[in-house]
Structures are given as C-alpha cells and as structure tokens.
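Report on the structure given below.
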Amino acid sequence: MAPSKVLAGARVVLPTGTVNDGRVIVDGTRIADTAPPQAETVDLSGHWVVPGFVDLHNHGGGGASFAGGTAEQVLAGVETHRRHGTTTVVASAVTGDLDFLARHAGMLAELAQQGDIVGIHFEGPFISPCRKGAHDEQLLRDPDPAEVRKLVDAAHGHAKMMTLATELPGGLDSVRLLVEHGVIAAVGHTDATYEQTVRAIDAGATVATHLFNAMPPVGHRAPGPITALLEDERITVELINDGTHLHPAALQLAFHHAGAGRVAFITDAMDAAGFGDGRYRLGPLDVEVTDGVARLVEGGSIAGSTLTLDRAFKRAVTVDRLPVEDVVAAISANPARLLGLDDRVGSLEPGKDADLVVLDDAFDLVGVMRRGEWVVDPQLG
C-alpha cells in the first residue's frame, strides 16, 4: 500500500466550491479527513487539484481499440487515458455482428470484474441508417428487445449504457427493457422528431449520446430531438469538447439550457487518442486521422475523436470560459452520478477513492493519482 500523503497548498475543487491553499489527505487507496502521523506532505502550491475524470463514452486510445481489441489492447488503451486524467472509464463498443458483440462483451465484462473498466456501453447496432455516422450500415438493425437482451446478458451485469435510435420499430420497448435491467438508455444516432424523443424520455431514456452530433438539427417548425433532450431535466447530455464536433456557441447553448448539472463531457475517443495521426480501424471501417481529426476513409464522416479529457478540461476553461467548478461537474461528478458510482468517485470527499488530477496554473495536466497511487507523479515532471 502506498504511503499516506497530504497534498497541500493547491486550489482544491470540492462539491461546495474551490478552497484556496487547500489540502487533500490520502490514506491508502482512499481520501481521509485526518492525516496519519507518518503522512508525507506534497507541496502543490500554484496548482489545482480536481477529482479524477469519468468518461462515459470511449472507444479506445494509445493505438488500441475497446471496440474490437484483445484484453491486453484494451488495458493499453485504458492506461493511455489514465495518463490523461481519466481514472474511471466505460468501454464503448461500435456496431458489429451481434454474435461478435456478445463475445466481445464477455471479455470486457471480465475487465470490469477486475476493476480495469467500470462497464460497457453499446453504441449500435440499433441506430438509424439516416444518422449512422461512422457505423457500418450493413450491420445496422432495428432494436429488437430480444437482441437487446442478448447483449445485456452477455455483459454479465456490466452493461452500463446502450445508445438507440428510439424511433425505430422496437425502440420504446427496448428502452423499457434496458431500464428494467438497470442499463442507461441513451438517445443517439437518431432521426427522431421532437415528439418521438419525448416519448423515449417518458419511456425511461436518460442520456443524449453526443448531443448535436448524429441527429437532426433544431428547426423552428420541427424542433427535433435536440430541443426535447435539452429541455427535459431527466436527461444528461454528452458533449465532445474537442473544437471539431461542436462550435463553441453550441456548447454554450447546451450549458445554458441544460445547466452544469446535466452536462457530461465525453471523449468518444478512438484508437488514435494519445497516439497520433495515421490509418486506423473503427469496428469494421477504415479511418484516417489527419491533424488529430478522425474521418472515415469512405465518405469522410467524423469517426469518433482523438480527444483526451485533460484537453477537454483545458479547452472548457480557457476557450469556452466556463467556471472551473462547472467543468469539474461535467467531467467528474455528473458522469459518476449517472453511472451510480458517486459513492466512490467523482468528487474529493473523505471515504471516496483517491482518484485525482493535478493541473498547473495554465490547466495543463501534471499529475494523476488513481486509488492512492501516482499514475503521473507531479514531483517527477
């Protein structure tokens, strides 16, 4: 077990606000309220200490795929994101053959059982061909509740979320089935109307998968799903804050209408996150990454992102001018609460896991701690 530590002198973001010249006490793997006599003091003056980041929607990184890689490759991708501050990650699948998805979910479930990931998000195959984005249209299907149940069962209790085009035949029944099994139903890759989206929310959907992306735009006579998702207090909206997926004004619109308590920053990352430009695969499709932007080789659709959450954090504060406390809510507290993990992660409170990120005064990452161990040691640079 790591020695006890007192992280002192930093601006510490707590659920009640930011404490200047604050301190965080780490005893073993947990945050404590009193420091043991032998605790080591780490001077973090001039820095910020914020909770570890929680990513609801992530397909890979470090050259490795969560959607189709081996267990070893998934672990390599998880480690890449940890080094960028994501101490809690949900592994997201993409559209594929149903039997393959079920087998792959079984492997991911083992990693969830070990604590390397916290669960599985199925993005596809139950999505709209009209808004397929970087999903193989040949493999799309209507959301048959029996097939939805097959994937949920294959995850052995570790299915956390499924993205559906809820307007398709079987969509609302599938939402109800997911809710019944404790799985988050997310509206995304959808061509739904405003009215259809309202019905999905009433059936139990609680998340908007990467709001604005892969859904009809807002119209003054046909307000579409975006309006329904923003206005309903039951919905948490995912946002990809990489400067490519969203115009800054769209991000501000979401924060204004949903409020900081209903926004979750995600990466929607694919293999190239934290790795570099080049040719990759996203599920069965070829992707070219140029200047950090991932697009399908055929058709040119944006194919996930190369984002890491430390970059999303810095952009939110320095470009979007959001309050640090609102960014912490969107990148840690809100997704932790949505996943039902807020008793363990998402805020810096005694008794919770010692998962935290150290940022310098320019909001660049200099340290990451997970369960009391430094992943990136701020004293080593």
Side-chain angles (χ1 to χ4, degrees), residues 56-59 66-68 90-113 117-193 196-210 214-215 225 228-229 234-236 238 266 268 282-284 338-340:
L56 286 172
H57 185 157
N58 186 322
H59 299 283
F66 297 163
V90 174
S92 298
V94 297
T95 294
D97 173 80
L98 208 65
D99 289 335
F100 169 79
L101 289 173
R103 289 194 304 273
H104 193 63
M107 181 271 286
L108 292 174
E110 292 180 14
L111 298 182
Q113 188 66 36
I117 60 175
V118 295
I120 304 162
H121 164 218
F122 295 100
E123 187 181 22
F126 309 115
I127 60 175
S128 172
C130 302
R131 304 285 173 177
K132 65 182 185 296
H135 292 254
D136 187 345
E137 186 169 357
Q138 306 281 330
L139 296 173
L140 300 183
R141 52 212 298 145
D142 290 342
D144 179 343
E147 294 182 339
V148 169
R149 176 68 185 269
K150 176 178 178 175
L151 294 184
V152 171
D153 287 348
H156 301 297
H158 296 288
K160 285 291 185 182
M161 184 163 67
M162 184 177 290
T163 294
L164 305 165
T166 54
E167 75 279 8
L168 296 175
L172 295 183
D173 285 341
S174 294
V175 169
R176 296 184 188 103
L177 183 146
L178 291 169
V179 173
E180 192 178 304
H181 286 82
V183 181
I184 297 164
V187 177
H189 289 275
T190 177
D191 204 40
T193 64
Q196 288 171 326
T197 306
V198 168
R199 287 196 285 273
I201 297 169
D202 287 340
T206 54
V207 167
T209 294
H210 44 53
M215 57 183 65
L229 295 162
R234 293 171 288 183
I235 294 293
T236 298
E238 295 182 347
I266 61 163
D268 194 20
L282 183 60
L338 187 70
L339 292 167

### Query
Is there a side chain to side chain contact (heavy atoms under 4.5 Å, CB included) between Asn58 and Phe66 once you walk through the steps?
CA-CA 8 Å; Asn58 186 322; Phe66 297 163; 3.2 Å; yes
### Message
Working note: Leu229 + Thr197, criterion side chain to side chain contact (heavy atoms under 4.5 Å, CB included); need CA distance, chi angles, decisive distance, verdict.
### Response
CA-CA 8 Å; Leu229 295 162; Thr197 306; 3.9 Å; yes
### Message
Using the rule given for side chain to side chain contact (heavy atoms under 4.5 Å, CB included), can you reason through Ile235 versus Val207, listing the C-alpha separation, both sets of side-chain angles and the distance that settles it, and then say yes or no?
### Response
CA-CA 5 Å; Ile235 294 293; Val207 167; 5.9 Å; no
### Message
Pair Leu140, Lys132 - check side chain to side chain contact (heavy atoms under 4.5 Å, CB included), show working.
### Response
CA-CA 8 Å; Leu140 300 183; Lys132 65 182 185 296; 3.9 Å; yes
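The two residues Phe126 and Leu98 have their closest heavy-atom pair at CZ-CD1, 4.1 Å. In this structure, Ser128 and Thr190 approach most closely via the heavy-atom pair CB-CA, 4.3 Å. Leu139 approaches Pro284 most closely through the heavy-atom pair CD1-CG, 4.2 Å. Here the closest non-hydrogen pair linking Glu167 and Asp191 is OE2-N, 2.9 Å. Heavy-atom minimum distance, Pro145 versus Leu177: O-CD1, 3.6 Å. Looking at every heavy atom in both residues, His57 comes nearest to Glu123 through NE2-OE1, 3.1 Å.
One distance of note links CG of Leu168 with OG of Ser174; it measures 9.5 Å at 0.5 Å rounding. For the atom pair Met161 CE and Thr206 OG1, the distance stands at 8.5 Å (nearest 0.5 Å). In this structure, CD1 on Ile127 lies 8.5 Å from OG1 on Thr163, to the nearest 0.5 angstrom. Note that the CD1 atom of Ile120 and the NZ atom of Lys160 stand 10.5 Å from one another [nearest 0.5 Å]. Taking OG1 of Thr209 as the start and CD1 of Ile266 as the end, the distance is 7.5 Å to the nearest 0.5 Å. From Met215, atom CE reaches atom SG of Cys130 across 14.0 Å, with rounding to the nearest 0.5 Å.
Between the side chain of Thr95 and the backbone N or O of Asp136, no donor-acceptor pair lies under 3.5 Å. With Asp142 contributing its side chain and Asp144 its backbone, the two residues share no donor-acceptor pair below 3.5 Å. Between the Gln196 side chain and the Thr193 main chain, a donor and an acceptor come within less than 3.5 Å of each other.
The aromatic rings of Phe100 and His104 lie parallel to each other, with less than 30° between the two planes, well short of the 60° mark. Between His189 and His210, the ring-plane angle classifies as perpendicular under the 30° and 60° cut-offs.
Checked by atom type, the side-chain pair His158/Glu110 shows no donor-acceptor distance below 3.5 Å.
With contacts defined as side-chain heavy-atom distances shorter than 4.5 Å, the pair His156/Gln113 does not qualify. Contact check for Ile117 versus Val90: no side-chain heavy atoms found under the 4.5 Å cut-off. Using a 4.5 Å cut-off on side-chain heavy atoms (C-beta onward), His121 and Met162 make no contact. In this structure the side chain of Leu56 reaches within 4.5 angstrom of the side chain of Leu339, judged on heavy atoms.
Of the charged side-chain nitrogens involved, at least one lies within less than 4.0 Å of a carboxylate oxygen, so that Asp99 and Lys150 count as a salt-bridged pair. With salt bridges taken as basic N to acidic carboxylate O contacts below 4.0 Å, none links Arg199 and Asp202.
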